Amino acid sequence: MMKSDGHFSSLKLRLILAAMGPGMVAALAGADAGGVATYSNAGALFGFMQLWTVPVMCFLLIVAQETAARMGCVTGKGLASLIREKFGVRLSAVAMLALLVSNTTVTLSEFAGIASALALFDVPVYVSVPVAALAIWLLTMSGSYRRIEKVLLAIACVFVTYIVAGVMVGPNWRDALLHTVIPHVEATPQYLSLLVASVGTAIAPWMLFLAQSNVVEKNAHAEDLPYQRIDTVTGAVAASVISWFIILTTGAVLHPAGISVSGAEDAAAALAPLVGDYAEVLFGAGLTGASFLAACVLPGITSSAICEAFGWERGADRSWGEAPAYRGIITGVIAISAVVVMMPNVNLFGIMMIAQVINGVLLPVLLVFMVLIASDKHVMGRFANGRVWNALTWFTIVAVTVLTVIMFVMQAMGL
């Protein structure tokens with residue numbers, strides 16, 4: 001009997017380990033250029049005041065990612081296919097346009113991240129961006145970027161040093177914990193813009209497509225749901241811990257000194273108490289790895305989703321003649337992003353911030369499609385959303401929409 005139980009436990013452990021991946025990769029991708037820019041700005045400008053957003057975003061990310069993974073497990077289809085089947089071609093076009101705009105701006109921010117990071121090593125933008133664009137294009141076209149995915153993720157984990165730095169700078173832990181559990185809101189466009197950007201960073205639209213497509217590719221089924229949920233929760237919590245410590249560290253180091261984050265060197269300065277003169281090198285390596293990984297993933301996800309929605313041929317194993325739309329969209333997204341970042345006097349860190357705000361603005365559009373499909377019992381059967389899950393998703397949609405409207409109204413009034 002004990003032997004049997006031991007075998008059962010090891011089997012379950014193997015299944016858990018096999019399920020790990022999609023949720024972790026999708027969630028940790030939030031530590032990319034836009035994520036670091038957003039959280040660094042939040043800490044530098046407002047100290048600990050936005051720490052309360054981290055557990056909230058973590059919970060909402062779990063809701064969104066779990067829904068996407070569950071839809072993939074139950075239907076065996078990607079989100080784009082489900083949108084087309086339920087809403088038809090016209091509304092699919094609206095959803096795909098939102099995804100295209102969102103993902104192009106995020107890809108643009110990744111190139112800005114690469115340019116900012118390599119500028120720390122005195123590599124000019126007209127060298128770093130074309131070389132990165134060519135490498136990303138070649139890897140995406142061949143599909144072989146997945147081979148270096150683990151290496152780049154390891155480099156991106158440099159941001160774990162923020163955890164160590166956060167402890168070393170000796171912040172006021174009581175103050176930090178109070179700000180984590182008690183919301184503090186400022187009615188200013190800058191604060192609200194950062195709030196919308198935080199949502200767009202934590203729950204980026206492309207993450208939903210990535211999480212669902214990865215589950216489908218792994219051929220996961222309804223019986224695999226408990227294991228996929230472990231992956232989803234683990235990834236969301238890991239990403240949130242890193243983002244919490246980025247805000248904590250920049251809030252403890254940069255905010256009291258009155259240093260605003262306008263470039264990669266400012267964000268790196270928060271690591272100085274930990275690694276001193278090596279702060280910029282460490283931060284630059286991490287930002288390059290994280291941005292490069294996301295820039296490799298985003299154009300492919302975008303193109304694959306659009307082609308899936310309209311029934312066009314897709315896949316890295318298809319030639320230009322077989323899948324012109326798939327390869328053309330990838331090429332267009334990479335080319336536009338690279339050209340914009342190389343424009344004279346462009347504000348690279350500003351691009352990263354704007355991309356996250358656009359993400360936050362467009363997120364409700366895609367969440368509406370997702371929640372309507374996930375709550376449809378004809379599609380999801382007994383795995384359809386319950387009332388609580390529906391309420392949480394609609395809360396996210398309404399909250400982001402209201403925040404966005406208030407932000408734009410205040411900006412229009414010049415407040």
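Since we're looking at a predicted model, the values are computed, not measured.
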Pairwise salt bridge (Lys or Arg N to Asp or Glu O under 4.0 Å) hits with a residue in residues 161-185, at least two apart: none
Leu363 and Asn359: CA distance, side-chain angles, deciding distance, side chain to side chain contact (heavy atoms under 4.5 Å, CB included) verdict: CA-CA 6 Å; Leu363 178 65; Asn359 251 6; over 6 Å; no
Heavy-atom check, side chain of Val400 versus side chain of Phe395, under 4.5 Å: no
For the student: nearest non-hydrogen atoms of Ala64 and Ile203, plus distance: CB-CG2, 3.8 Å
Residues Met57, Ser198; criterion side chain to side chain contact (heavy atoms under 4.5 Å, CB included); working and verdict: CA-CA 8 Å; Met57 299 304 172; Ser198 294; 4.2 Å; yes
Side chain Ser109, main chain Val106, donor-acceptor under 3.5 Å: yes
Value rounded to 0.5 Å, distance of CZ in Phe209 from OG in Ser102: 9.5 Å
Contacts of Glu186 that satisfy salt bridge (charged side-chain N to carboxylate O under 4.0 Å, His left out) - sequence neighbours left out: none
Pair listing, salt bridge (Lys or Arg N to Asp or Glu O under 4.0 Å) test, anchored in residues 357-383, at least two apart: Lys86-Asp376
Residues 334-346, side-chain donor-acceptor partners within the protein, below 3.5 Å, at least two apart:
unit_1	atom_1	unit_2	atom_2	d
Ser337	OG	Leu108	N	3.4
Ser337	OG	Val333	O	2.7

Spacing of Glu110 atom CD and Phe292 atom CZ [to the nearest 0.5 Å]: 11.5 Å
Residue pairs involving residues 293-310 (criterion side chain to side chain donor-acceptor pair (under 3.5 Å); sequence neighbours excluded): Ser81-Glu308, Asn103-Thr302, Ser304-Arg314
Minimum heavy-atom distance between Ala309 and Arg84, given as atom pair plus value: O-CD, 2.6 Å
Val101 backbone acceptor or donor facing Thr104 side chain under 3.5 Å: no
Closest non-hydrogen atom pair between Gly47 and Ile247, with its separation: O-CG2, 3.8 Å
Option among Leu118, Val129, Ile114, Thr288 that satisfies the side chain to side chain contact (heavy atoms under 4.5 Å, CB included) test with Val123: Leu118
Approximate separation, where rounding is to 0.5 Å, of Ser128 OG and Asp122 CG: 11.5 Å
Pairs satisfying side chain to side chain donor-acceptor pair (under 3.5 Å), at least one member in residues 242-258, at least two apart: Thr180-Trp244
Approximate separation, where rounding is to 0.5 Å, of Leu367 CG and Leu362 CG: 11.0 Å
Side chain to side chain contact (heavy atoms under 4.5 Å, CB included) between Trp206 and Leu366, worked out: CA-CA 10 Å; Trp206 64 268; Leu366 293 166; over 6 Å; no
Phe111 vs Val125 side-chain heavy atoms within contact, under 4.5 Å: no
Side-chain heavy-atom pair Tyr326, Ile306 within 4.5 angstrom cut-off: no
Where at least one partner belongs to residues 42-77, residue pairs that pass ring pair (Phe, Tyr, Trp, His ring centres under 6.0 Å), sequence neighbours excluded: Phe46-Tyr191
Side-chain donor or acceptor of Gln212 paired with backbone N/O of Lys77 under 3.5 Å: yes
Side chain Ser213, main chain Leu210, donor-acceptor under 3.5 Å: yes
Rounded distance (nearest 0.5 Å) linking atom OG1 of Thr67 with atom CE of Met380: 8.0 Å
Residues that Phe383 engages under ring pair (Phe, Tyr, Trp, His ring centres under 6.0 Å), provided they are two or more places apart: none
Val63 and Thr393, any side-chain heavy atoms less than 4.5 Å apart: yes
Side chain to side chain contact (heavy atoms under 4.5 Å, CB included) evaluation trace for Met141 with Thr331: CA-CA 9 Å; Met141 284 294 167; Thr331 304; 3.2 Å; yes
Minimum heavy-atom distance Ala305-Leu99, with the two atoms named: CB-CD2, 3.5 Å
Minimum-distance pair of heavy atoms, taken over all atoms of Gln50 and Thr53: O-OG1, 2.6 Å
Under the salt bridge (charged side-chain N to carboxylate O under 4.0 Å, His left out) test, residues paired with Arg229 that sit two or more places apart: Glu66
Residue list, side chain to side chain donor-acceptor pair (under 3.5 Å) with Thr107, at least two apart or on another chain: none
Summary of salt bridge (Lys or Arg N to Asp or Glu O under 4.0 Å) pairs that have at least one residue in residues 338-367, sequence neighbours excluded: none
Any side-chain heavy-atom pair of Ser40 and Ile246 under 4.5 Å: yes
Over all atoms of both residues, closest heavy-atom pair of Ala69 and Thr232: CB-OG1, 4.3 Å
Under the side chain to side chain donor-acceptor pair (under 3.5 Å) test, residues paired with Asn385 that sit two or more places apart: Arg70, Asn390
Thr140 OG1 to Ile136 CD1 distance, which is reported to the nearest 0.5 Å: 7.0 Å
